[in-house]
Q: 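Once you've had a glance at the structure underneath, I'll fire off some questions.
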Amino acid sequence: MSVEKVLKEMIVELSKREIDVSCITESTDLISDLDFDSINVVQLIVNIERMFDIEFDDNVLAFDAIINFKTLAECVERQINGEISNECG
């Protein structure tokens with residue numbers, strides 16, 4: 001299963017809205033489009049770290065990166081591939 005598909009399923013599970021995986025696109029904003037709050041975002045990051053056996057450095061993870069689906073997926077891919085940058089996002 002692709003990283004994007006797994007992320008979409010995690011997002012659907014945590015979303016406060018009843019949504020379908022197909023509704024999540026590259027431009028989906030977790031906060032404005034799906035009503036995520038800070039607790040949802042933190043839970044998503046914890047779930048991602050557990051699922052993919054990765055750990056985000058708090059100094060590297062930019063909030064803007066994790067609220068947009070495309071940048072979140074790219075950030076997770078980079079972490080999985082060991083491509084650590086100064087900032088995710």
Side-chain angles (χ1 to χ4, degrees):
M1 189 178 302
S2 74
V3 169
E4 285 191 8
K5 185 170 174 101
V6 172
L7 289 176
K8 287 180 180 183
E9 289 178 2
M10 287 180 177
I11 290 167
V12 166
E13 184 177 310
L14 290 172
S15 178
K16 294 177 181 181
R17 293 185 181 182
E18 290 290 323
I19 60 167
D20 187 74
V21 173
S22 63
C23 295
I24 301 171
T25 66
E26 288 186 345
S27 64
T28 298
D29 182 294
L30 301 180
I31 293 173
S32 63
D33 297 333
L34 304 179
D35 294 335
F36 267 50
D37 59 21
S38 59
I39 293 173
N40 295 115
V41 172
V42 169
Q43 186 61 54
L44 178 62
I45 294 304
V46 169
N47 291 353
I48 290 169
E49 289 179 333
R50 287 181 181 158
M51 173 63 76
F52 296 107
D53 195 26
I54 59 176
E55 188 172 328
F56 292 107
D57 184 333
D58 293 339
N59 298 324
V60 171
L61 195 60
F63 186 73
D64 291 342
I66 58 177
I67 62 170
N68 173 271
F69 182 75
K70 180 181 179 184
T71 54
L72 173 64
E74 289 171 349
C75 184
V76 172
E77 289 277 359
R78 286 196 302 268
Q79 286 290 114
I80 290 170
N81 294 327
E83 300 168 10
I84 310 298
S85 64
N86 290 335
E87 184 174 295
C88 259

Q: For R50, which residues count as a salt bridge (charged side-chain N to carboxylate O under 4.0 Å, His left out) partner, sequence neighbours excluded?
A: none
Q: Give, for atom CG of D53 and atom CD of E55, the distance between the pair rounded to the nearest 0.5 Å.
A: 9.5 Å
Q: For the backbone of T71 and the side chain of N68, can you confirm whether one donor and one acceptor N or O come within less than 3.5 Å of each other?
A: yes
Q: Please check if the side chain of N40 supplies one atom and the backbone of D37 the other of a donor-acceptor pair under 3.5 Å.
A: yes
Q: Please check if M51 and V42 belong to a single hydrophobic cluster, counting links between Ile, Leu, Val, Met, Phe, Trp and Tyr side chain heavy atoms closer than 4.5 Å.
A: no
Q: Within this structure, what is the CZ-CD1 distance for the pair R78 and I54, rounded to the nearest 0.5 Å?
A: 11.0 Å
Q: For residues D29 and F36, determine if any side-chain heavy atom of one lies less than 4.5 Å from a side-chain heavy atom of the other.
A: no
Q: Find the distance between OG1 (T28) and CD1 (I67) and round it off to the nearest 0.5 Å.
A: 12.0 Å
Q: Donor-acceptor check, side chain of K8 to backbone of I24, threshold 3.5 angstrom: yes or no?
A: yes
Q: Nearest 0.5 Å, please: how far is CD in E49 from CZ in F56?
A: 6.0 Å
Q: What distance do I66 atom CD1 and I45 atom CD1 have between them, rounded to the nearest 0.5 Å?
A: 4.5 Å
Q: Indicate, with yes or no, if V21 and V6 share a hydrophobic cluster defined by side-chain heavy-atom contacts under 4.5 Å among Ile, Leu, Val, Met, Phe, Trp and Tyr.
A: yes
Q: Apply side-chain contact (heavy atoms from CB on, under 4.5 Å) to N47 and list each qualifying residue two or more places apart in sequence or on a separate chain.
A: M10, L14, Q43
Q: The criterion is salt bridge (charged side-chain N to carboxylate O under 4.0 Å, His left out); which residues satisfy it with D35, sequence neighbours excluded?
A: R17
Q: Find the distance between OG (S27) and CZ (F69) and round it off to the nearest 0.5 Å.
A: 11.0 Å
